[in-house]
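Can you keep this structure in mind? I'll have questions shortly.
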Amino acid sequence: MNGQAHDANPVEAFRAGPAVAAHTRYYADGWTAWRNWHSIAPVAPTRADRMRTGPRPLHTGRRPKYVILGFTALLAFTHGCASKNRSERPGDHQRPVPSNGEVATDSGPFRPVPAARPVGSSSTAEPVATMDFEGVPLGETPPGWRVAKTGWRAIVDDARAAPAVGRPGARSRQAARLELPDPPVGVEKDKLGPFGNLMRFVDAEPYRGKVVRVRASMFVDPAGVPSGPDGSGLTGDDACLWFRVDRPRVTISAGESGSAACFGRTDHQPLTPGVWETREIIGAVAPDAKSIVFGMTLATAGPAWLDEATFEVIGDFIHDPPGTWPEILARVPLDKAQDPNIHLVQMPSSHLSAFFGREIELRAGIVAPPNAATDPSLPVCYIVHGFGGDHFDAWFDGAKILSAMRADTSTPRMVYVYLDANCPFGHHEFADSPNNGPWCKALVEEFIPAIEARFGGRRDARQRFLTGHSSGGWSVLWIMIHHPAMFGGCWATAPDPVDFRDFSGVDLYSASNLYRDEAGQERYLVLHNGRPSQTFEAYTNEELAARAHVQGIGGQMFSFDAVFSPRGWNGLPAPLFDRVTGAIDPAVAKAWERYDIGLILRKSWTVLGPELAGKLHIWCGEWDTFGLAGAIRLLQADFAAMEPNPAARPDILLVPQRDHFTLFDPHDQLWPSGMMKRIFHDMARQAKGAPVADPNE
């Protein structure tokens, strides 16, 4: 069936009922994404676009203190950088694709991106605009400003009327006052905006490629309308300064998707009630920026005041190549983006480009320790994120590791490589797939040699390591068992199902339905404290609802289809199960055997065992949130049966009373300082030829 005919199906499906409509629309949108992904001039939305238009799944390697992302679509991600797919940018398809044997160099296909750096001196910069509200008649709306939320009011007020401390400027007598009148005139209570927003727009064109600073004095009245359950007055974080750079919107099937290239707030710097204080935000203006917006937001009825606002250029922004740094800034604060030891790299892949018929890039964020160039013996740690994550962890988790390496000598000095495992269908798990392409082959044959040629490391299997959590955990196991001679060790934590006889509790080879067992009882996918919490059917319906209006797939279940399934009649990955009824397609389940890690190990252990001895470490919580512990138990039983030497068996841990996310937390016996610190120290010890099991490091 051609794409046009398939795209028309959802219209008929909606007449058949919402469940069938969602199911059909899900795959119709998938067809459009697939068609766009294979086109010469693709228009498929970015992963960031998808995350802005629908809930973001929960199955991930990210720690809960950032955003719990991963196996179910429950949380919304509302901020990101809208460009084309991460594997493409304007002009990418014009660049030559390297041959298979080409050696990557700085001037060749491998292009490390220098850390973003502003230049110029703020001490000599002149303010572009000063907004102090002087000379405006009291009671009028501040000229050039607008109030964005229904019912809220902003007026020019006598700033001296409030009992203020530390007035910032002797000449300043007036300020903009933001408040929610009680009652607001002509506005129904249930129509009120949840917060007030006093904002000003600036045309971005004169400031493209510049670093700008917004600064303002702010005051919150401690005697304002009560805020909080204890009836206290305004608190310091009820009001904050904010700043945003908007880029052009990207049109998708559901309409326009917003595009914030840079966003900042000062709510992490609470104001002191009753005291005038100054706050500022520094940000970069993308080369295609459309507008700049800044102002004050107020979370309670107020009042709060803003005064002496300034907007100024403090320097130029150097970027190489053009178009890369706005994506960094969409996710990374400016001060972190400038770190000279953290690098964004991308490299065209000849294998992937040949598969798709256009240029596709591999991407990573790389943390190089101080003075790495003078130390050719550094181990290299390759890290794969979970579903919903990305390589920008290098600027967050990696930045903490870098700070620790700078502060003391106990933190392992390694090159930490945060790989990007995203593709239009979700997480490609670094498997060679008939739908996603040869990602594993591209990684080991092209990207790893290029990275180590540029950033150092001994390029010795004994000092090259893998680790990943969740989908990243499955990824590193897959890479390890297919290239055992290339790596010195693999630490897979809470990996996606490693044995399809227990796919989160379901035996895919014998079960006929994913939603219900043979007795008709519902099957549960999500667990809470080891107890059933959400069914497979509820999760799937939630995922469908979140993406029914979006051009482009990427949900966890569809992502599994894209990795493990053959290509279907419509050019899309063949679905393992019917999204409406839950019925499992036995032919597709049979095809999944190719990616059943437990099955591969059982069949090939006599060959793989000697090569993997001492290299496999698989850790999971007994209360894993997505029922992943069952497949790990099968691995334990298999190795107990087929490997008579206990010392030659993989290091498999099932940690009591730990789930998918609490597995990281300190454990008195296993990792008193946290799981990741234990892993990195084990790698460093193994690189030196020492025993790895020393949890007290």
Side chains of Ile401 and Val367: closer than 4.5 Å at any heavy-atom pair? no

Indicate the atoms forming the closest heavy-atom contact of Thr411 with Ala404, along with that distance. OG1-CB, 3.3 Å

Decide yes or no on side-chain contact (heavy atoms from CB on, under 4.5 Å) for Phe680 and Ile383, but give the supporting numbers first. CA-CA 11 Å; Phe680 295 144; Ile383 304 168; 4.2 Å; yes

Apply the test ring pair (Phe, Tyr, Trp, His ring centres under 6.0 Å) to residues Trp605 and Phe639: give CA-CA distance (whole Å), side-chain angles for both, the deciding distance (0.1 Å), then the verdict. CA-CA 9 Å; Trp605 185 247; Phe639 285 118; 4.9 Å; yes

Can we say Arg602 and Asp638 salt-bridge, meaning some charged N sits less than 4.0 Å from an Asp/Glu carboxylate O? yes

Let me confirm one number: the CD1-CG distance from Ile632 to Leu653, rounded to the nearest 0.5 Å. 10.5 Å

Side chains of Leu663 and Trp671 in contact at under 4.5 Å (non-hydrogen atoms): yes

Least distance between heavy atoms, Gly472 atom then His427 atom: N-NE2, 4.1 Å

Distance-only side-chain donor-acceptor flag, Ser470 / His660, under 3.5 Å: yes

Let me confirm one number: the CE-CG distance from Met675 to Leu670, rounded to the nearest 0.5 Å. 11.0 Å

4.5 Å side-chain heavy-atom contact, Leu601 and Leu612: yes

Is the shortest side-chain heavy-atom distance between Tyr382 and Ile451 below 4.5 Å? yes

Can you give me the closest heavy-atom contact between Val444 and Met486, atom names plus distance? O-CE, 3.4 Å

Taking the side chain as C-beta and beyond, is there a heavy-atom pair between Gln686 and His617 under 4.5 Å? yes

Do Val384 and Leu466 have side chains that get closer than 4.5 Å, going by heavy atoms? no

If you round to the nearest 0.5 Å, how far is CZ of Phe447 from OG of Ser349? 10.0 Å

Among Phe564, Phe430, Phe387, ring pair (Phe, Tyr, Trp, His ring centres under 6.0 Å) partner for Trp474: Phe564

Can you see which heavy atom on Phe355 is nearest to which on Asn436, and at what distance? CE2-C, 4.1 Å

Report the distance from atom CZ of Phe560 to atom CD of Glu429, rounding to the nearest 0.5 Å. 6.0 Å

Check whether any side-chain heavy atom of Arg678 lies under 4.5 Å from a side-chain heavy atom of His667, and answer yes or no. no

Decide yes or no for Phe626 and Asp496: does some side-chain heavy atom of the first lie under 4.5 Å from some side-chain heavy atom of the second? no

Please lay out, stage by stage, how His385 and Tyr418 fare under the test side-chain contact (heavy atoms from CB on, under 4.5 Å). CA-CA 8 Å; His385 59 81; Tyr418 291 82; over 6 Å; no

Polar side chain donor-acceptor pair, Asp651 to Trp619, under 3.5 angstrom: yes

Once you round to the nearest 0.5 Å, how far does CD1 of Ile652 lie from CG of Leu635? 5.0 Å

side-chain contact (heavy atoms from CB on, under 4.5 Å) evaluation trace for Phe455 with Val417: CA-CA 10 Å; Phe455 290 96; Val417 181; over 6 Å; no

